[in-house]
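Quick notes on the structure that follows.
Chain letters run A, B, ... following the sequence lines, proteins first and then strands; every chain starts at 1. Being a predicted model, the structure only gives us computed values, none of them experimental.
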2 protein chains.
Amino acid sequence: MTETAVGSAGVESAAQSKSQQAYAAVKARIIEGTYTPGYRLVLAKIAEDLGFSVVPVREAIRRLEAEGLVKFERNVGATVSGIDPTEYLYTMQTLSIVEGAATALSAPLIDSVAIARARAVNAEMRECLEHFDPVRFTALNQDFHSVLFEHCPNPHILDLVHRGWNRLASLRSSTFRFVPGRAQESVREHEALLQLIENAADADTIEKAARQHRAATLDAYLSTTT
Amino acid sequence: MTETAVGSAGVESAAQSKSQQAYAAVKARIIEGTYTPGYRLVLAKIAEDLGFSVVPVREAIRRLEAEGLVKFERNVGATVSGIDPTEYLYTMQTLSIVEGAATALSAPLIDSVAIARARAVNAEMRECLEHFDPVRFTALNQDFHSVLFEHCPNPHILDLVHRGWNRLASLRSSTFRFVPGRAQESVREHEALLQLIENAADADTIEKAARQHRAATLDAYLSTTT
DNA sequence: AGGTACGAAATCGTATACGATAACTATGAC
DNA sequence: GTCATAGTTATCGTATACGATTTCGTACCT
């Protein structure tokens, strides 16, 4: 685990089309931060970089545009989506909703083994707080929720969660908006969430808790700016 | 109102790229049912139809794929997404969640004029029931909810709603899964929803009602098959 | 000096062309 | 009669090429 880019598209094994390769390559560069927000994505340049022609690269960029990672302007070009506070709010709010739903739907299918694994991840997160390692903290945070979502019965919703995560990653929000107090709270909320799941709390309670968990991070950010 | 294809992409006015034109054209054909589920989308053929080359058409198809309207298989081709009952369930469940959220977020911003317009639409829907006009009923149903979502503060969520609608339209679900009793119920639920909004019920109540409104249609379908 | 207009460079959008892959068909063996 | 196999056709995937549009720089005018 602890991968960076998440999503349903990186599953293929053997004969990947160049279009897919280009998609994966550019996406990875955005997620990992090689291409930072505002970065100008010149088709010909990327094509040369990868050794492809422009056509598959163009296709890849368009796909990234559909996911919101890239902005494309006619006859002008593509840029990595920027750090618009409004966009951040929209994304977090949407994530809050879809994560809440995904958690509630998954909860009845989470067994004690998975719970234990989630606890282990959460313990690692606690360690990260001591060593102050925000990057790893964020990765582990995704791992934590990924464990819960392992048997999510609705792949569409899971896909929406992944899109949100990728979007946040491209915004690099986790690193520069690392509100210290919030992280500790987050770890505590994880434990509380696990207990709700263990005790088979009703779906509504779990959904509210999961939703609030994300919403609280948004609130923490909003309180720093306003 | 009473348009067929909904979405954020049809806003451009003047110089549309051929890629966008192709996207709009194919999308419209899928929504209106010219291309039915399972229909084989041959790039060269569509390109000839529109008078374009294959490149922009290909791009358009890929975009439709990202929205779930089309399935694309490497070296095989594209087909209009089919009537998979599982997909239907996923889509309806997801819609239930995002519509619920969109309604709750929009509710405080809906004024009495909008309420009146929504009531008018709902009255038309009631008429449709007497004349048995399922196609128009579905269109009006979208209109009804569109009125409520007019000032939705989160465009991302609204976009998800539109994607769900388009997907359902491509499945032609409304026409052949028209459970008679359900439609009457739906109209009643609309009125109930309007009253909740008028009385400024709390967000949670409104969200649950809106969510249940969609979920009930899914349940009605499930009860007919199982 | 500042602004405007013209021209050059960069980049995008699309067409055409061709190699690669899969689907189809026909032929022959068992 | 059925199955396997080889050849053909259809279609996709990608490269290359060129026209269209924007952007940037420079020279000229006020």
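For Val54(A), the side-chain atoms get nearest to dT16(D) when compared with the rest of dC12(C), dT16(D), dC12(D). In this structure, the nucleotide among dT14(C), dT22(D), dT14(D) sitting nearest to the side chain of Asn75(A) is dT22(D). Between dT14(C), dT21(D), dA15(D), one nucleotide has an atom nearer to the side chain of Pro56(A) than all others, and that is dA15(D). Nearest nucleotide to the Val42(A) side chain, out of dT16(C), dC12(C), dA15(D): dC12(C).
Looking at Glu65(B) and Arg62(B), a side-chain N of the basic residue comes within less than 4.0 Å of a carboxylate O on the acidic one, giving a salt bridge. Using a cutoff of 4.0 Å between basic side-chain nitrogens and carboxylate oxygens, Arg211(A) and Glu207(B) are scored as salt-bridged. By the 4.0 Å N-to-carboxylate-O rule, Glu87(A) lies close enough to Arg167(A) to be salt-bridged with it.
The residue Val55(B) sits close to a base: some heavy atom pair falls under 4.0 Å. Residue-level contact check: Ile61(B) touches neither bases nor backbone, having no heavy atom under 4.0 Å from any strand. Residue contacts shown for Val76(B) are limited to sugar-phosphate atoms, with no base heavy atom under 4.0 Å away.
The 5' end of DNA chain C is approached more closely, in terms of each residue's nearest nucleotide, by Gly51(B) than by the other of Arg40(B) and Gly51(B). Mapping Ser53(A) and Ala78(B) onto DNA chain D by nearest heavy atom places Ala78(B) closer to the 5' end of the strand.
Using a 3.5 Å distance cut-off with no hydrogens or angles, the side chains of Thr217(A) and Arg182(A) do pair a donor with an acceptor.
As rounded to whole Å, 11 Å separates atom P of dT11(C) from atom CD of Glu48(A). Rounding to whole angstrom units, CG of residue Leu41(B) and C1' of dA10(D) are separated by 16 Å.
Between Arg58(A) and dG13(C) there is a side-chain polar atom (N or O) within less than 4.0 angstrom of OP1 or OP2. Put simply, Lys18(A) has a side-chain N or O that comes within less than 4.0 Å of OP1 or OP2 on dA15(D).
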